Amino acid sequence: MIKQDKLYWIIPVLLLLVSACEPQVTSAPDLGNAPKSEDVTFESTPNSENPNVVTFTSTTEGFKFLWDFGNGSTAEGKEVQGEFPLKGEYTVTLTAFTEAGQALNTKKVEIAQTNYAMLDDPNLNMLTGGIDATNGKTWVVDSTQFGHMGLGSIDHFAPQWWQAAPEAKANSGLYNDRYTFKLEGFSYEMETNGDVFLNSAYGDEFENTTVPPSGADLMAPWTAPADQTFNLIEAANGDLTLKVSSPTFIGFYAGTQTYQILELTENTMKIRYEDTKNGFSWYHSLITEGYEHPIEPLPYKSEELTDNFDEEGNVNWTKDQIANFVEGYDNPAPVGVNTSAKVAKYKKGEAQWDNVYIDLGYELNLNERSTVKLKAYFPSYNDYVTEDPNAPDWAPNKSLDMQVEVKLHNVSGATGLGGNAWQTQETVIKQVADTDTWVELEFDFSSVSDREDFDRIVIQLGGEGHSMPGLFFIDDFQLIE
């Protein structure tokens with residue numbers, strides 16, 4: 001038996017599951033005049049045990065019969081069955097096909113009472129809170145977690161190109177949006193707080209929005225209209241598709257109202273959707289409003305870390321914002337203390353901070369290993385003089401710094417989950433005196449060996465708090481005793 005797709009629909013009615021018999025020919029086709037509307041007739045018979053289940057039978061001769069139940073669901077066959085969980089009036093349309101032509105007619109079907117048992121579906125309950133959740137369930141972007149927004153190719157189902165660091169899109173209009181789904185009426189409410197975050201390719205769809213010349217993503221003023229709806233479609237293979245009514249959307253806007261649900265639990269949801277103009281896929285992780293991820297203690301240990309960029313090391317690097325970090329890059333000056341063929345290129349962008357970092361997956365035991373070593377190369381062609389006129393007062397310098405800073409962060413703890421790991425960080429800064437030469441640097445954290453909460457190592461070149469760009473190189477990273 002072929003399992004049919006399951007459709008959770010919208011107002012005026014909620015849910016319809018249709019199972020249809022194969023088309024039947026009950027008499028010879030009519031080769032005379034084309035049928036008229038009044039020639040198309042059908043009967044409706046409620047189930048004796050559950051009147052919300054109705055059997056529809058065509059009393060018209062023909063070879064094909066198409067049904068529209070008035071809520072976006074269809075069926076095919078001479079006799080079909082529909083399920084109507086909620087009370088209300090449905091306009092059912094039958095289109096009959098004969099050899100001479102086709103015609104359609106409609107009939108009103110009244111459902112007297114809501115059958116709440118028919119709405120007790122696990123996916124709907126997790127999305128909306130179920131029939132007892134009169135205010136529905138509200139979802140938000142899971143901004144404190146790595147990968148809450150991502151980007152990948154159209155033929156993949158994971159964000160292999162880019163994933164957002166915690167709070168990476170703060171002040172973009174994304175994190176203050178709310179998405180509420182109610183089972184009753186399949187209503188959907190999008191609360192924007194006056195602004196939304198969108199791909200600049202869709203800026204012309206929003207009034208009073210100026211697309212920046214750089215084509216960067218932008219925040220636009222917008223308030224979602226009321227009385228919106230959603231539907232949830234479960235395919236025969238179990239895949240879930242969530243649709244919201246236009247012009248509303250979920251998360252970062254990229255021209256669509258259709259989202260593939262990759263994961264749905266009581267408090268978490270992961271979605272994938274296609275950018276309709278750019279040919280790639282976006283991803284979001286969402287949580288229910290007010291939900292806090294349980295903090296599971298990480299193991300406390302130490303491992304030797306090495307990466308010489310000539311061969312595969314045991315370090316996984318991640319970057320902040322628009323920093324560009326390329327491993328296995330040709331050594332720009334294979335002389336002096338570093339004659340290796342490959343290094344890492346570190347390009348600081350115009351953000352106020354552009355770091356690369358290593359998430360350890362454990363709390364670092366500094367009693368066993370507390371020293372970070374690396375080699376750095378600062379080219380003379382960088383501009384180390386010009387100051388950023390818009391640098392904030394807290395910035396240590398307003399120009400590109402001749403320094404390397406290594407920081408230890410507590411990301412999994414309470415401050416880290418809020419994107420504020422810098423509040424409890426420990427840092428060591430080493431100045432670089434000369435350009436166009438490799439220098440060896442050592443960062444000693446033994447003075448804080450009593451700390452047992454560091455789970456990230458951050459590398460920062462060129463300073464922070466200013467937007468002055470620069471290009472640097474590092475090599476032979478190590479965490480040793």
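What you see is a predicted model; the values in this text were computed from it and never measured. Values reported hereafter were calculated over all heavy atoms of this structure, with side chains retained and with hydrogens, waters and symmetry mates removed.
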inquiry  = Strictly distance-based, threshold 3.5 Å: is any side-chain N or O of Ser245 a donor or acceptor partner for the main-chain N or O of Thr229?
reply    = yes

query = Tyr259 side chain to Lys243 main-chain N or O, any donor-acceptor pair under 3.5 Å?
reply = no

message = Checking Glu263 against Arg272 for the salt bridge (charged side-chain N to carboxylate O under 4.0 Å, His left out) test, could you report, in this order, the C-alpha distance in whole Å, the side-chain angles of both residues, the deciding distance, and whether it holds?
response = CA-CA 10 Å; Glu263 177 184 302; Arg272 170 187 179 271; over 6 Å; no

query = Between His148 and His284, is there a donor-acceptor pair closer than 3.5 Å when you use the side chain of the first and the backbone of the second?
reply = no

key: 4.5 Å side-chain heavy-atom contact, Leu242 and Leu127   = yes

message = Is there a side-chain contact between Pro51 and Ile111 in this structure, where contact means two heavy atoms from C-beta onward sitting under 4.5 Å apart?
response = no

inquiry  = Counting neighbours of CZ on Phe280 that are heavy atoms of other residues, nucleotides or ligands and sit closer than 6.0 Å, is the number greater than 12?
reply    = yes

ask   = Just wondering, do Ile480 and Lys373 contact through their side chains at under 4.5 Å, heavy atoms?
value = yes

Backbone N/O of Glu304 and side chain of Asn314: donor-acceptor pair under 3.5 Å = yes

ask   = Within 45° of the ring axis of Tyr202 and under 6.0 Å from its six-membered ring centre, is that where the NZ or CZ of Lys277 lies?
value = yes

inquiry  = Within the supplied structure, the quantity of interest is the number of heavy atoms (other residues, nucleotides, ligands) at a distance under 6.0 Å from Asn47 CG; does it exceed 12?
reply    = yes

query = Should we count NZ of Lys342 as having more than 12 external heavy atoms under 6.0 Å?
reply = yes

ask   = Do the side-chain N and O atoms of Thr128 and Lys182 include a donor-acceptor pair separated by under 3.5 angstrom?
value = no

inquiry  = Is the terminal nitrogen or CZ of Lys345 (NZ for Lys, CZ for Arg) located under 6.0 angstrom from the six-membered ring centre of Phe473 and within 45° of that ring's axis?
reply    = no

message = Does the structure place the NZ or CZ of Lys270 under 6.0 Å from the centre of the six-membered ring of Tyr283, at an angle of no more than 45° from the ring's axis?
response = no

query = Near Asp132 CG, under 6.0 Å, is it more than 12 heavy atoms from other residues, nucleotides or ligands?
reply = no

task = Would you please test Lys169 and Glu167 for salt bridge (charged side-chain N to carboxylate O under 4.0 Å, His left out) and show each step?
result = CA-CA 5 Å; Lys169 298 301 179 181; Glu167 304 292 341; over 6 Å; no

key: Close side-chain approach of Leu94 to Leu66, heavy-atom, < 4.5 Å   = no

request  = Report yes if the side chains of Phe65 and Glu76 come closer than 4.5 Å at any heavy-atom pair, otherwise no.
outcome  = no

inquiry  = Between Asn52 (side chain only) and Gln113 (backbone N and O only), is there a donor and an acceptor less than 3.5 Å apart?
reply    = yes

ask   = So with a 6.0 Å cut-off around CG of Asn193, is the heavy-atom count from everything else above 12?
value = yes

inquiry  = Contact between His466 and Leu400 at the side-chain level, heavy atoms closer than 4.5 Å - yes or no?
reply    = yes

ask   = Is there a side-chain contact between Leu408 and Asp455 (heavy atoms, below 4.5 Å)?
value = no

inquiry  = Could you go through Lys407 and Glu464, starting from their C-alpha distance and side-chain angles, then the distance that decides it, and tell me whether this counts as salt bridge (charged side-chain N to carboxylate O under 4.0 Å, His left out)?
reply    = CA-CA 13 Å; Lys407 309 178 184 185; Glu464 65 181 355; 3.1 Å; yes

task = Would you sort out whether Phe206 and Trp222 count as a ring-ring contact (aromatic ring centres under 6.0 Å, His included), showing the intermediate values?
result = CA-CA 7 Å; Phe206 295 81; Trp222 193 69; 5.8 Å; yes

ask   = Taking the six-membered ring for Trp, is the centroid-to-centroid distance between Phe454 and Phe445 below 6.0 Å?
value = no

task = Assess the side chains of Thr192 and Asp177: does a donor N or O sit below 3.5 Å from an acceptor N or O?
result = no

key: Backbone N/O of Ser467 and side chain of Asp388: donor-acceptor pair under 3.5 Å   = yes

message = Can you confirm if the aromatic rings of Tyr357 and Trp317 lie within a centre distance of less than 6.0 Å?
response = no

key: Donor on one side chain, acceptor on other, Asp359 and Thr318, under 3.5 Å   = no

ask   = Any chance the rings of Tyr90 and Phe84 have centres within less than 6.0 Å?
value = yes

ask   = Are Trp282 and Tyr253 close enough that their ring centers fall under 6.0 Å?
value = no

task = Answer with yes or no whether the side chains of Glu79 and Thr57 bring together a donor and an acceptor at under 3.5 Å.
result = yes

